[in-house]
There are 2 protein chains.
Amino acid sequence: MKVSGSLVPDGVFPANCPSRTVLDHVTSKWGVLVLLALSETETLRWSELRRRAEGVSEKMLAQTLRVLESDGLVSRVAHPVVPPHVDYSLTKRGEELAALLRPLMSWILDNAEDILAS
Amino acid sequence: MKVSGSLVPDGVFPANCPSRTVLDHVTSKWGVLVLLALSETETLRWSELRRRAEGVSEKMLAQTLRVLESDGLVSRVAHPVVPPHVDYSLTKRGEELAALLRPLMSWILDNAEDILAS
DNA sequence: CTGTATCCGCACCGATACTG
DNA sequence: CAGTATCGGTGCGGATACAG
């Protein structure tokens with residue numbers, strides 16, 4: 001069954017479109033996992049994020065966080081103490097996005113085994 | 001505001017998990033666009049897909065379609081005529097997935113400009 | 001029209017070492 | 001604890017040519 005409306009005119013997804021860039025950021029290798037991890041608790045520290053997005057390297061976590069932060073999806077709060085303490089959390093906009101990512105991830109978790117079995 | 005349940009135990013997304021593979025397939029550079037394009041019409045031909053996922057190369061379209069087909073998300077029907085005529089469409093499972101992708105893409109289209117402005 | 005085959009650059013990414 | 005800096009390999013992905 002087909003849905004009613006089209007997302008884009010003529011059903012064409014333009015190449016030189018801002019949405020492409022954002023889509024790439026969000027669906028980057030670690031973007032989804034970081035956003036979802038943050039959607040499960042109020043705040044998360046760097047080391048906790050590393051634990052939860054299992055397999056992510058320091059470099060890629062830093063890069064992913066920088067992109068998501070510059071996109072206004074994640075906010076970074078550094079507490080000036082020793083040892084350093086930095087909290088990451090979702091912005092309002094990030095929460096909105098994560099709310100859409102959750103059903104997707106949930107479906108994937110439910111169907112992954114079946115899918116790879118075939 | 002935080003959601004009620006956790007997607008995964010302890011909030012940890014395991015590295016060696018089938019969902020990782022499926023997530024990578026779906027969020028691959030062209031996976032989302034192909035699935036969404038197919039979600040807008042009953043069937044699409046190869047050349048139409050190339051048009052709609054603007055910027056995709058033949059190689060990447062072929063690769064993307066093969067992966068999505070082997071995952072049981074897309075079905076390929078070749079009509080034995082000359083010139084060749086091949087129809088791609090979403091499977092039942094693919095429709096389910098695309099239904100979750102649509103709100104996501106819709107949100108991205110709505111917010112992309114704002115996001116990149118900041 | 002619907003692909004496959006091949007080459008190859010470059011950006012992504014992991015590993016390692018280092019710093020405030 | 002929370003990163004940055006740098007190096008180097010690899011595989012993604014674009015371009016091109018070719019085929020059924």
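Because the structure is a prediction, the values reported are computed rather than measured. Labels below follow one simple rule: chain letters A, B, ... track the order of the sequence lines, proteins then strands, and each chain is numbered from 1.
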Taking only the side-chain nitrogens and oxygens of B:Tyr88, find out if one of them lies under 4.0 Å from OP1 or OP2 of C:dG3.
-> yes
Full working for side chain to side chain contact (heavy atoms under 4.5 Å, CB included) between A:Met105 and A:Leu33 = CA-CA 9 Å; A:Met105 190 57 175; A:Leu33 292 184; 4.1 Å; yes
Spacing between B:Asp87 atom CG and C:dC1 atom P, to the nearest angstrom = 14 Å
What is the distance from CG of B:Leu44 to P of C:dC1, rounded to the nearest Å?
-> 14 Å
One would report the end-axis bend of the helix from C:dC1-D:dG20 to C:dG20-D:dC1, five pairs per end and rounded to 10 degrees, as 50°
Please list, by residue number, the residues of residues 71-86 of chain A whose heavy atoms come closer than 4.0 Å to an atom of DNA chain D; answer none if no residue qualifies.
-> A:Arg76, A:Pro83, A:Pro84, A:His85, A:Val86
Under the 3.5 angstrom rule, does the side chain of A:Thr91 hit a backbone N or O of A:Leu73 as a donor-acceptor pair?
-> yes
Between A:Leu36 and A:Ala98, the two heavy atoms sitting closest are CD2-O, 4.4 Å
Which class fits the ring pair B:His85 and B:His79: parallel under 30°, tilted 30 to 60°, perpendicular over 60°?
-> perpendicular
Indicate yes or no: at least one non-hydrogen side-chain atom of A:Ser89 is less than 4.5 angstrom from one of A:Val77.
-> no
Is a side-chain N or O of B:Thr64 found less than 3.5 angstrom from the main chain of B:Met60, in a donor-acceptor match?
-> yes
Sequence neighbours excluded, the answer for salt bridge (charged side-chain N to carboxylate O under 4.0 Å, His left out) partners of B:Arg45 is none
Protein and nucleotides 14-17 of chain C: nitrogen or oxygen contacts under 3.5 angstrom:
unit_1, atom_1, unit_2, atom_2, d
C:dG14, OP2, A:Ser57, OG, 3.1
C:dG14, O6, A:Lys59, NZ, 2.6

How would you give the extent of chain B contacts on DNA chain D, as first and last nucleotide 5' to 3' within a 4.0 Å heavy-atom cut-off?
-> D:dG13 to D:dG20
Whole-Å gap separating P (C:dG3) and CZ (B:Arg51) = 17 Å
Taking only distance into account, with no hydrogens and no angle test, what donor-acceptor pairs under 3.5 Å do side-chain atoms of residues 17-28 of chain B form with protein atoms, sequence neighbours excluded?
unit_1, atom_1, unit_2, atom_2, d
B:Arg20, NH1, A:Glu54, O, 3.2
B:Arg20, NH2, A:Glu54, O, 2.8
B:Arg20, NH2, B:Phe13, O, 2.9
B:His25, ND1, B:Asp71, OD2, 2.5
B:Thr27, OG1, B:Leu23, O, 2.6
B:Ser28, OG, B:His25, O, 2.9
B:Ser28, OG, B:Gly31, N, 3.1

Rounded to whole Å, CD of B:Glu48 lies from P of C:dC1 at a distance of 11 Å
Tell me, do A:Leu44 and A:Arg52 make a side-chain contact under 4.5 Å, heavy atoms counted?
-> yes
Might you point out which heavy atoms bring B:Pro103 and A:Leu100 nearest each other, and give the distance in Å?
-> O-CD1, 3.6 Å
Write down the distance between CZ (B:Arg45) and P (C:dG3), rounded to a whole number of angstrom.
-> 10 Å
Could you state the atom-to-atom distance from CG of A:Asp24 to P of C:dC13 in whole Å?
-> 11 Å
Between B:Arg93 and A:Ile115, is any pair of side-chain heavy atoms under 4.5 Å apart?
-> yes
Looking only at non-hydrogen atoms, find the nearest pair between B:Gly11 and A:Glu40 and report the distance.
-> CA-OE1, 3.5 Å
Carboxylate-amine/guanidinium proximity below 4.0 Å for A:Glu48 and A:Arg51 | yes
